[in-house]
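Below, chain A is the first sequence line, B the second, and so on; all start at residue 1. Because the structure is a prediction, the values reported are computed rather than measured.
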2 protein chains.
Amino acid sequence: MTEKPRGRPRSYDPDTALWQALETFWGGSFTGTSLDALAAATGMNRPSLYAAFGDKKSLYLKSFDLVAGLMKAALRRTVEAEKPLEAALGDFYNEAIAIYRSGPDGARGCFILCTAPAEAATDSDIRAALVTTLKEIDGGLAMLFEKGKAAGDLSPAADTTARAQIAASVLHSLAIRARAGASKKELDALAQHTVQMLCRDM
Amino acid sequence: MTEKPRGRPRSYDPDTALWQALETFWGGSFTGTSLDALAAATGMNRPSLYAAFGDKKSLYLKSFDLVAGLMKAALRRTVEAEKPLEAALGDFYNEAIAIYRSGPDGARGCFILCTAPAEAATDSDIRAALVTTLKEIDGGLAMLFEKGKAAGDLSPAADTTARAQIAASVLHSLAIRARAGASKKELDALAQHTVQMLCRDM
DNA sequence: ATCATTTTTTGCGAAACGGTACAAAATGAC
DNA sequence: GTCATTTTGTACCGTTTCGCAAAAAATGAT
């Protein structure tokens, strides 16, 4: 299938290079990460990086989209899971916490929620991407609560969009708290209490 | 009291200059804001700025402390208010939303919650300041719910620290959503639903 | 072996950055 | 008026930044 191209072969794999760039942005910020740092992380030199991914912002947005895709996939899995509402939301939070604490020092937070807001004030492209992701989180969780309501886990009178926005808010907070260095224990407790409050009918 | 100093008088007021620097950081980020921009905003030139506030990070941290002080004062007012729990938390959110949307384009978010997380990963001083503020928010709101429980607004069995952390989480989210450009209507709705969920006994 | 093609590598260049040295200006003290 | 003192303004330094131009290297095609 993938017939070999004509010229000199690449010395890097675009997918892993993008992931390494993503991790570099994740461990810092957009403005705070230099092209030299990205080149060092990917093992490429600047011109190759530029040829492969465009300028710095383009590379950031490609990283952003990669993370946004993973998040959408996680939301989809959560909604489609054959589990009670409580278990589904709890598992979603657990997965998020594991990722937010996956850094070398266990304090990375969320790539999107921790690096994009700072830039959103001055960069309308990043801001637009952030808006899209926030809506996807709200929307995905709304589907989850809607499904829970249909399954009888929630009263028919429950406001599913309101609960979804609160559930999303806690996700935002988990991201910030994790980046501030909160322990897994603290984050787990917050997630568990939130699940109890939002998934048990009142 | 304030006897005049000996030399050439200052051409600026330190307090207003600090506020102007704060607003400049607020409208951008720490790494993304240049000393030239700060000098232009304050009307001072770089050497004066340096003499008055130290280097860039020191100026950022002074701005941070100023905002943290205002936030603590708001929390204190909320806890000490002679109001039912629901009204007190609702007013607190309303005040926050007004500030978060006070920018020229109505999309500033929170200085601390929107600019500090990005830097927290690489700067331990900023991270420490962020940790302190997060704890102050959690702690202040915990006192509010504790007071509500004592006043009978909440069941004696209610977990006040859990509710406080969820209330704080929604504040974090309001900050992010505001910076992403959410309307006052959206933010008000989220705040109101949160108040209803957290302040009514279940 | 030679050529066309693609990538890598080296190195440049213009701009922005944070920070400071130093002289000029503006005040009070005498 | 003269001096000491403090702030302002100009100008500069070394570094880092992003982005690119141009040459060198590595492959397939012929």
ask   = How far apart are the C-alpha atoms of S173(B) and Q165(A), what are their side-chain angles, what is the distance that settles it, and do they pass the side-chain contact (heavy atoms from CB on, under 4.5 Å) test?
value = CA-CA 9 Å; S173(B) 183; Q165(A) 286 182 355; over 6 Å; no
note = Of R6(B) and M44(B), the one whose closest nucleotide on DNA chain D sits nearer the 5' end is R6(B)
task = Go through DNA chain D in 5' to 3' direction and return only the first and the last nucleotide with some atom under 4.0 Å of chain B's heavy atoms.
result = dA4(D) to dC12(D)
message = Strictly distance-based, threshold 3.5 Å: is any side-chain N or O of E80(B) a donor or acceptor partner for the main-chain N or O of R77(B)?
response = no
query = Can you give one letter per nucleotide of nucleotides 10-18 of chain C, 5' to 3': B if a protein heavy atom sits under 4.0 Å from the base, S if only from the sugar-phosphate, - if neither?
reply = B-B----SS
task = Using atom types as modelled and distance alone, determine if a side-chain donor or acceptor of K147(A) lies under 3.5 Å from a backbone N or O of A81(A).
result = yes
message = Going by ring pair (Phe, Tyr, Trp, His ring centres under 6.0 Å), name the pairs with one or both residues in residues 60-79 of chain A, residues two or more places apart or in two chains.
response = F25(A)-Y60(A), F30(A)-Y60(A), Y60(A)-F111(A)
ask   = What is the distance, rounded to the nearest whole Å, between atom OH of Y60(B) and atom C1' of dG19(C)?
value = 21 Å
inquiry  = Suppose we screen for side-chain contact (heavy atoms from CB on, under 4.5 Å). Which residues come up paired with A151(A), at least two apart in sequence or across chains?
reply    = D153(A)
task = Decide yes or no on side-chain hydrogen bond (donor to acceptor under 3.5 Å, both in side chains) for E136(B) and T133(B), but give the supporting numbers first.
result = CA-CA 5 Å; E136(B) 282 168 358; T133(B) 298; 4.5 Å; no
request  = Let me know the distance between CG of L49(B) and C1' of dG19(C), rounded to the nearest Å.
outcome  = 12 Å
query = Is there a donor in the side chain of D55(A) and an acceptor in the side chain of S58(A), or the other way round, less than 3.5 Å apart?
reply = no
inquiry  = Does either side chain, that of T42(B) or that of Q20(B), offer a donor lying less than 3.5 Å from an acceptor on the other one?
reply    = no
inquiry  = Looking at K149(B) and D159(B), is any side-chain nitrogen of the basic one under 4.0 Å from a carboxylate oxygen of the acidic one?
reply    = no
key: Counterpart residues, side-chain contact (heavy atoms from CB on, under 4.5 Å), relative to A107(A) (two or more places apart)   = D105(A), R127(B)
message = Let's see if you get this right: which residues in residues 7-21 of chain A place a heavy atom under 4.0 Å from DNA chain D?
response = G7(A), R8(A), P9(A)
